Amino acid sequence: MNVAALPVPRLGPHPDRPRPYPPDHPAHLPLRPLWLCRTCGAPWPCAQARLLLKVEYADHPVDLAVYLSGLYHEATHDLFRLNPQDGPTPRDLFDRFVGWGPYRRGVVEQD
């Protein structure tokens with residue numbers, strides 16, 4: 001893949017969380033515009049990033065929801081520009097970025 005051909009990320013929320021833990025370890029931050037974890041290579045937010053974000057925002061769930069929603073918007077833009085034909089669907093990205101967060105709701109069964 002030619003890195004020079006990748007689109008330039010927009011000026012949305014800067015993914016600066018979660019902070020590294022322990023402090024001397026690399027942070028599990030996204031590599032934009034691919035949205036892969038810089039540390040483990042998994043789709044971001046990886047399991048470790050989710051865990052660290054939940055701990056870091058334990059007392060501020062609204063802040064976490066707003067942060068994740070902003071990053072969801074940015075990731076949708078970046079990933080669609082990279083691969084508009086067969087990239088992840090908006091629903092897949094919502095589940096990946098926002099659906100696991102503090103305000104998720106289960107599917108309601110209707111009789």
Side-chain angles (χ1 to χ4, degrees):
M1 178 185 289
N2 182 358
V3 177
L6 294 176
V8 177
R10 300 179 321 155
L11 297 176
H14 180 70
D16 61 347
R17 300 282 192 284
R19 292 188 176 111
Y21 183 84
D24 59 334
H25 282 66
H28 285 264
L29 297 173
L31 174 64
R32 290 187 69 185
L34 301 175
W35 291 91
L36 298 174
C37 179
R38 291 177 182 270
T39 302
C40 65
W44 196 90
C46 63
Q48 185 70 16
R50 289 179 183 196
L51 179 65
L52 292 170
L53 285 166
K54 281 191 173 191
V55 170
E56 189 169 339
Y57 285 95
D59 296 331
H60 305 284
V62 172
D63 293 348
L64 177 58
V66 169
Y67 178 66
L68 292 173
S69 296
L71 295 181
Y72 160 68
H73 181 267
E74 289 300 307
T76 301
H77 177 267
D78 290 348
L79 293 171
F80 180 76
R81 297 244 351 228
L82 283 175
N83 196 358
Q85 279 73 31
D86 59 354
T89 66
R91 178 63 195 201
D92 292 339
L93 289 174
F94 180 86
D95 290 343
R96 179 173 153 187
F97 282 85
V98 182
W100 62 270
Y103 293 105
R104 71 174 186 264
R105 292 184 181 162
V107 175
V108 176
E109 296 282 334
Q110 295 189 8
D111 297 330

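Everything numeric here is computed off the predicted structure, so don't read it as measured data. Residue numbers run from 1 in the order of the sequence given.
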Which word best sums up how the rings of Y57 and Y67 line up, parallel for under 30°, tilted for 30 to 60°, or perpendicular for over 60°? parallel
Mind checking whether Y72 and F94 have parallel, tilted or perpendicular rings, split at 30° and 60°? perpendicular
Do L82 and L36 belong together in a cluster built from hydrophobic side chains that touch within less than 4.5 Å? yes
Where the side chain of R38 meets the backbone of P30, is there a donor-acceptor pair that is under 3.5 Å apart? yes
With the 4.5 Å side-chain cut-off for hydrophobic clustering, are W100 and V55 part of the same group? no
Would you call Q48 and C40 a side-chain contact if the rule is heavy atoms closer than 4.5 Å? no
For the OG1 atom of T89 and the CZ atom of R96, what is their distance to the nearest 0.5 Å? 11.0 Å
Going only through I, L, V, M, F, W and Y residues with side-chain contacts under 4.5 Å, is there a path from L31 to L53? yes
Please report the closest heavy-atom contact between L64 and P102, naming both atoms and the distance. CD2-CD, 3.8 Å
Heavy-atom nearest pair, L34 first then L79, reads O-CD2, 3.6 Å
Taking the side chain as every heavy atom from C-beta outward, state whether F97 and P45 have any atom pair closer than 4.5 Å. yes
Can you confirm whether W35 sits close enough to L93 that some side-chain heavy atom of one is under 4.5 Å from a side-chain heavy atom of the other? no
So do the side chains of D78 and R32 get within less than 4.5 Å of each other, counting heavy atoms only? yes
Go through the steps for F80 and H77 under the test side chain to side chain contact (heavy atoms under 4.5 Å, CB included), then give the verdict. CA-CA 5 Å; F80 180 76; H77 177 267; over 6 Å; no
